[in-house]
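A, B, ... follow the sequence lines: proteins, then strands. Residue 1 opens every chain. Just so it is clear, the structure is predicted and the values come from calculations on it, not from any experiment.
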Protein chains: 2
Amino acid sequence: MNAEALLKSHGLRKTAGRLAVLALFAKREKALSHSELQEGVTENVDRVTLYRILESFEQNGILHKVPDDQVSVKYALCDHDHEVGEAHSDNHAHFKCRVCGDTICLDDSEIPTMQVPEGYSVEGSLLLISGLCSKCA
Amino acid sequence: MNAEALLKSHGLRKTAGRLAVLALFAKREKALSHSELQEGVTENVDRVTLYRILESFEQNGILHKVPDDQVSVKYALCDHDHEVGEAHSDNHAHFKCRVCGDTICLDDSEIPTMQVPEGYSVEGSLLLISGLCSKCA
DNA sequence: TTTGATTTTGCAACATTGTTGCGTTTTTGT
DNA sequence: ACAAAAACGCAACAATGTTGCAAAATCAAA
Ligand SMILES: [Mn+2]
Ligand SMILES: [Mn+2]
Ligand SMILES: [Zn+2]
Ligand SMILES: [Zn+2]
């Protein structure tokens, strides 16, 4: 399905910005950040417009957001001692309530090992479960 | 282990800001964001200083970062059709290379179901694996 | 208890990311 | 060609995080 038809099938108008975004996704075959798109796109697209293009694509299921690490806006006390220095991975999952926003450690959990492509190596993982806590249920 | 001893055991000096941060973590028993700490802490701590307190605590294994959702800095093309509207969860894991930063979808993967506390309900989950890609290995 | 090296702080300045409002332009079907 | 709807560009703002530097506080040794 080419870019034009894709837009039409979702009732989205054909604009230079949208075509440029789709073209870039077609060329680079990986997840792209807003800034990567901003730089990589041939057209001069306004920064805000680009956000809105991505928003419209997401609402129409053309693309989806991908979590990025180094994002951590929250902190929790470690429940055991750690070596000073290197990132003590704390290999457990976390739960965040959609309503109250509280985030707790699932200390007893263990993030399962996942299969990665040939030649890739795993150093860490991050599992965030979202839903309702007992208070907000 | 009380707050003073904790600081001393890591060679961190005892300051009003650090004690206030530890006190708040002791009172609220959950993960806290920088802004939550900023507001909740009794002492008047400079915003930058608070960042540095958290940094020092993290380096010493006193606390650890917790991933937060609504973070999505990247976007990927959906590999199948989605309904317009509600968050098509795309229940697969993602891999991000530590060196080149490339993020790919592990489309074939499925995020395992995790056990959550009594009364909690799961709506979605987010699994980000980090490591080295074959190009950067 | 004074001193002095070291750590920590506060402040200013800046960068990045994301959002909202609004007037203008572009797209598309008629 | 026309008009309604959609999309855009721009300005302004907010939140989050970073860096440099001078002043202040801490701590241990004298
Ligand atoms: Mn945790
Ligand atoms: Mn994906
Ligand atoms: Zn809740
Ligand atoms: Zn790589």
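- Comparing dT9(C), dT19(D), dA7(D) by their closest approach to the side chain of Ile53(B) singles out dT9(C).
- Listed for the Arg18(A) side chain is no donor-acceptor partner under 3.5 Å among the backbone atoms of Leu7(A).
- Side-chain polar atoms of Glu36(A) and Ser33(A) form a donor-acceptor pair below 3.5 angstrom.
- Rounded to whole angstrom, the span from the NZ atom of Lys8(A) across to the P atom of dT28(C) amounts to 7 Å.
- For the pair Phe57(B) CZ and dT7(C) P, the interatomic distance rounds to 16 Å; values are reported in whole Å.
- Under the 3.5 Å distance criterion, the side-chain polar atoms of His92(A) are left unmatched by any main-chain donor or acceptor of Leu127(A).
- Per the geometry, CD belonging to Glu55(B) stands 14 Å off P belonging to dT7(C), to the nearest Å.
- Surrounding CD of Glu29(A) are at most 12 heavy atoms belonging to other residues, nucleotides or ligands under 6.0 Å away.
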Would you tabulate the pairs of protein nitrogen or oxygen atoms and nucleotide nitrogen or oxygen atoms of nucleotides 1-4 of chain C closer than 3.5 angstrom?
none

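- Closest to the side chain of Asp46(B), out of dG18(C), dC11(C), dG17(D), is dC11(C).
- Within the 4.0 Å cut-off from OP1 or OP2 of dG9(D), at least one side-chain nitrogen or oxygen of Thr49(A) is found.
- End-to-end axis angle of the helix from dT1(C)-dA30(D) to dT30(C)-dA1(D), from C1' rotation axes over five pairs per end: 20° (rounded to 10 degrees).
- Nearest to the side-chain atoms of His34(A) among the listed nucleotides dG18(C), dT19(D), dT16(D) stands dG18(C).
- In this structure, Glu43(A) atom CD and dA7(D) atom P are separated by 17 Å, rounded to whole Å.
- Interatomic distance, CG of Leu6(B) versus CD1 of Ile62(B), reported as 4.0 Å (0.5 Å rounding).
- Residue Val45(A) places its side chain closer to dG9(D) than to any other of dG18(C), dG10(C), dG9(D).
- Judged by atom type and distance alone, Arg47(B) reaches the base of dG17(D) through a side-chain donor-acceptor pair under 3.5 Å.
- Remark: side-chain polar atoms of Gln38(A) are paired, donor with acceptor, to backbone N or O of Val45(A) under 3.5 angstrom.
- Straight-line distance from the CG atom of Leu7(B) to the C1' atom of dT8(C): 12 Å, rounded to whole Å.
- Checked by distance alone, Arg13(A) brings a side-chain donor or acceptor within 3.5 Å of a matching partner on the base of dA5(D).
- Shortest non-hydrogen contact noted between Ala3(A) and Leu22(A) is CB-CD1, 3.7 Å.
- Between the side chain of Arg52(A) and the base of dG9(D), a donor-acceptor pair under 3.5 Å is found.
- Taking for each of Asn44(B) and Lys14(A) the nucleotide of DNA chain C with the nearest heavy atom, the 5'-most of the two is the partner of Asn44(B).
- What you find for Ile111(A) and Ala93(A) is that their closest heavy atoms are CG1-N, 4.0 Å.
- Residue-level contact check: Thr15(A) touches the backbone only, with heavy atoms under 4.0 Å from sugar-phosphate atoms and none from bases.
- In this structure, the CZ atom of Arg18(B) is 19 Å from the P atom of dA24(D), given to the nearest Å.
- Side-chain atoms of His10(B) come within 3.5 Å of backbone atoms of Asn60(B) as a donor-acceptor pair (strictly under, hydrogens ignored).
- The nearest whole Å value for the distance from the CG atom in Leu19(A) to the C1' atom in dT26(C) is 13 Å.
- In this structure, CG of Leu54(A) is placed 11 Å from P of dC8(D), rounded to the nearest angstrom.
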For residues 112-122 of chain A, which side-chain donor-acceptor pairs fall under 3.5 Å, sequence neighbours excluded?
none

